[in-house]
Structures are given as structure tokens and as C-alpha cells.
Amino acid sequence: MSLMTKWPLRPLIFRSLYWKIFFFFWLTLIAVIFSVATLSEIIVEKREQEEYQRVVKLGIKAADIFETKGTEELTVWLRYIDQEFNVKGFMLDSKRRPISLANLPKNWLEFTLPLTQNRLSERHLRGFQPYRISSSSNRIYTFVAHRDNSGPYPAWLKHLPILQVITALVIVALLTAFVTWRITDPLRKLKQATDSFARGNFDTRLPMLIGFRRDEIGEVGLAFNRMAERISLLVSNQQRLFRDISHELRTPLARQQIALELLARKLPDTEHQSLHRIEREIERMNDLIDQVLTLLRLEQNGQTPSIEAYNLSDLLCKLTQDAQFEDQSKHQVHLQQPDKNMLTGQPELVSRAVENILRNAMRYTADDSQIFLQVDLHKDTVVIRIEDEGEGVPEDSLKRLFEPFYRVEASRNQQSGGYGVGMAIAEQAIRAQGGTIEASNRSEGGLRVDITLPKASL
């Protein structure tokens, strides 16, 4: 029964990102310890084998010298290898008797006794090690050697810790890089999808690879896709509703205008004042419908005007002249820009955005105030800055200024006009060609709107 209750918990543990990181830490630690220990053992063992072969060769050479040249030459050879190779050795014959007195220790008789585990350990601790060798004539000798600790082997051994540290760092770096990539790559894709969705690309979805993960990142990916589907459906329904209502409103408004004209013919001129008021309200409703349909067209993907080369300087000059003419010179518009500024993009969208912002500045600033329009050129972008001398916008309203149908509380009156759609149209028009638009308050008072356009739009 206990196994039945514990078994379902195992998949849940390995699906958790917390436990994956936890087990990865310990697995990395175990892998580092095992790798470093194995590396050290291999290196030391290989070095011991090399040292063993070297000492055995010296012993065989000593045996051959003894058989061919005698004890005196053997003594000379033993002293030579002591000076040159830091190997202090002496020779015993087949009956374990010393052949030469060179390097013969006082306790040499201990090496004639049968080897036991205790004696072998004691000799190794003292640095002596017996080697059973055979000469060229196949005679058996015992070569007992003592290696000096200051010799070449300990000098090489002192570099082993550095090699161990480097090995540990390489293993940790590789494993950490892999796990970090496994965590950050889907998070990077999630960030890109979120940014794309925030820019209005409601068809953005995360790759199914993230959805197949069985940890928290996979759950976030699935939740994002479900959220995107729901929001996309809501936005689509909202756009369809606005579009259908706007189209349906046009027919009764057109009928009202016809009926109003027929009524105006029958009434005397003294009664036309009320009819003019009704006519103005119908025109306002038509204007609102046009703006809503324009906003919906800009928000829908794939319905953007064609790209062409245009002169931004000429476009802004024409917009400034038209705005001042319609405003009947109530405001002074100061335009500062290069004589020629060629861009590739969608001039009608730029024109619509700048025109809406200029109209907005003229509507919400006092007569005889100034409006400044300035163009700054950068390496890859062009910044169009529009500033007015009005009262500005509350800080908490700046971020919502480009939302459809949002209007600052102070501007809600019939005299100022406006429906809260113009700034939203400007934002959608600039975004449609890869630009950005931001609003801020001037330190000296008034509103500043910065339009940033790429020099080569979409």
C-alpha cells in the first residue's frame, strides 16, 4: 500500500523545475568529485607505472653491469644513478646477500626476510621498494630502491591540484551551461512572444516544444497559449462588433440627413437653427464612425498600405500649412527640420498620425499659444517631436493616452470636442510600420509626443 501511494509522487517530483535544479546541483557535485578523483587516480597510477618501469630498467642495467664488469663497476653505477636519477639503490643476489656496499643501509637484513603486509607497508613508508629483476642471463636479483622526495616526480606532482581545479571548472561550466540553456531558452521565447503579443500580434503563440515540457515553464507556456487564444477571440469579437455597429449606423444616419434636407425645404428660414444643430450632431456621429472604422482597419493584421519612398520634410510642411489654415491661425506652429529627409515606409500613416497629434495640440491649448514640431535624425531612426504649451496630462494618464476612447477627465466637454480615438489611431498608424510613439509632460508645461520611425520601414 505504501508503494502505491509513493509511486505517483515520483513523476510529479521530476516534473517540477525546483526538483530538477535541486537534483542537478547534487549530480553536478557528484560528477565533479568522481571525475576529479578518477582523473587523479589515472594520472598517479600512470606516473607510478612510468616510475616503476624506470627503476626496473635501472636495476636490470645494474645486474648486467655486475655480471659483465664486476662489483666495482656496479658500485660506480649505483652511485651514478643516485646522483643523476635521485634513486638510491642496492643489490641483493638470489640468496638475498648484498653484492655491493654502495648505498647499503644498516637495516638491509630486513629486506632478506619474507615479505609480509606489515613489512611491505613499512618499507613503502620509508621510501624503499624491492624490485625482483632478471638479468640478461636470466639470473634473479633483488634491487631495492629509495626515491628521493625532492626528485622530478614530486616536482611534477605539485601541479596536480591545478589540473584538478581546471577539470572541475570545465565540468561545472559545461553542465551549468546546458541546464541554463534549458531554462533560459524557453523563457527567452516566452519574452519574445509576450512582446509580440503586446505589440498587437494576437496570432502569436509559443512553440509546442515548450508546451511539451512537464515542468513549470511548460505550464506557463500552455497558460500563455490559452490566454492568447482567449484574448484573440475577445479582440476579434470586439472588432467585429464595432465594425458591424458602425456599418449599421451609417444607414439610419444617411436617412436622417435626407429627411432633414426634406424637412428644411418645408420649414421657413427662421426654423432652420434647430435643423443646423441636428445636422452638426449627425456629422459628429459620422465622423466618429469614420474614426472607429479607421482604427479597426489599422488594428487588423495584413491590411496595411503599400510601402514607398517619400520625403518626410515635404509631408510635414504640407501638414503644418493645412493645420494652420484650418485653425485660422489661432496657434503658431514652429517647424524645424532638414530641407530633405527621404524615408521608405507608409506616408499616409505618418500623415494621419502627425495630423491627429497636431489637431489634438491645437484643440487642448489656448489661442495664440505656440506648437513646436521638430525632426531629429539618428543613425537608424528619425524622431518627430511635437510639443505644445497647454496644461499637459496627469502622470497617471500618460500611459493610457493612446487607448481607444480614453480621454483625460479635464477635457470631457462639448467645447473641446474629440472622442478619444485620434491618439489611438496615431499609435496604431506608427506601430503598423515598426515605429513607436510616446507621450510625456514638458518641464516648462505642456505635452510632448515623440514619434520614432525606422529609416527603412517594414
Side-chain angles (χ1 to χ4, degrees), residues 195 199-201 291 294-295 297-299 301-365 369-390 392-393 398 401-402 421-458:
D195 292 339
R199 289 193 297 268
N201 301 323
Q291 293 190 37
T294 300
L295 181 62
R297 283 195 297 269
L298 290 173
E299 287 180 345
N301 295 328
Q303 298 186 8
T304 56
S306 59
I307 297 174
E308 60 183 270
Y310 65 97
N311 189 344
L312 180 63
S313 300
D314 293 343
L315 185 148
L316 295 180
C317 284
K318 184 177 182 302
L319 286 176
T320 303
Q321 293 172 0
D322 292 344
Q324 286 188 314
F325 176 77
E326 295 177 8
D327 189 54
Q328 298 179 358
S329 301
K330 295 179 181 179
H331 301 83
Q332 296 181 6
V333 180
H334 300 276
L335 176 61
Q336 182 179 353
Q337 64 173 348
D339 295 335
K340 188 175 184 180
N341 184 12
M342 298 300 298
L343 292 181
T344 301
Q346 302 162 6
E348 61 275 18
L349 294 185
V350 177
S351 176
R352 187 186 300 272
V354 176
E355 181 180 11
N356 285 352
I357 296 173
L358 279 176
R359 291 177 182 272
N360 192 72
M362 292 177 177
R363 180 180 296 119
Y364 298 116
T365 55
S369 61
Q370 301 183 87
I371 298 174
F372 305 93
L373 198 155
Q374 178 180 344
V375 178
D376 295 325
L377 300 180
H378 300 279
K379 181 179 179 181
D380 299 320
T381 59
V382 175
V383 177
I384 305 172
R385 173 168 294 178
I386 304 172
E387 298 178 315
D388 60 51
E389 295 182 334
V393 175
L398 285 174
L401 199 59
F402 299 102
V421 182
M423 297 295 280
I425 292 177
E427 196 249 357
Q428 290 292 339
I430 296 302
R431 180 190 292 177
Q433 51 185 333
T436 59
I437 182 169
E438 295 180 355
S440 60
N441 287 316
R442 302 172 65 206
S443 58
E444 58 270 29
L447 183 68
R448 173 188 296 130
V449 178
D450 288 334
I451 298 175
T452 302
L453 292 171
K455 288 188 176 179
S457 300
L458 295 180

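Predicted, not measured: the structure shown is a model, and the values here were computed from it. Here, residue 1 is the first one in the sequence, and each next residue gets the next number.
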**Asked** Are the side chains of Val333 and Met362 in touch, meaning some heavy atoms are under 4.5 Å apart?
**Response** yes

**Request:** Taking all non-hydrogen atoms of both residues into account, name the closest pair between Cys317 and Leu335 and its distance.
**Result:** SG-CD2, 3.8 Å

**Prompt:** Under 3.5 Å, is there a donor-acceptor pair between the side chain of Asn441 and the main chain of Val393?
**Reply:** yes

**Asked** Atom OH in Tyr310, atom CG in Asn341: separation rounded to 0.5 Å?
**Response** 8.0 Å

**Asked** Minimum heavy-atom separation for Leu312 to Gln337, with atom names?
**Response** O-OE1, 4.1 Å

**Prompt:** Is there a side-chain contact between Leu447 and Leu398 (heavy atoms, below 4.5 Å)?
**Reply:** yes

**Request:** In plain terms, say whether Glu355 and Arg359 are close enough for a salt bridge, that is, a side-chain N and a carboxylate O under 4.0 Å apart.
**Result:** yes

**Message:** Do Ile357 and Ile384 have side chains that approach each other closer than 4.5 Å (heavy atoms only, starting at C-beta)?
**Reply:** no

**Request:** With the side chain counted from C-beta on, respond yes when Val350 and Leu343 share a heavy-atom pair under 4.5 Å apart, and no when they do not.
**Result:** no

**Message:** Is it the case that atom CD in Glu438 sees more than 12 heavy atoms from other parts of the structure closer than 6.0 Å?
**Reply:** no

**Prompt:** Is any side-chain heavy atom of Asp339 closer than 4.5 Å to a side-chain heavy atom of Ser313?
**Reply:** no

**Prompt:** Does Arg442 use its side chain to pair, donor to acceptor, with the backbone of Asp388 at less than 3.5 Å?
**Reply:** yes

**Asked** Can you find a pair of side-chain heavy atoms, one from Val449 and one from Leu401, that are under 4.5 Å apart?
**Response** no

**Side chain to side chain, Glu389 and Phe372, heavy atoms closer than 4.5 Å** = yes

**Any side-chain heavy-atom pair of Leu373 and Val354 under 4.5 Å** = yes

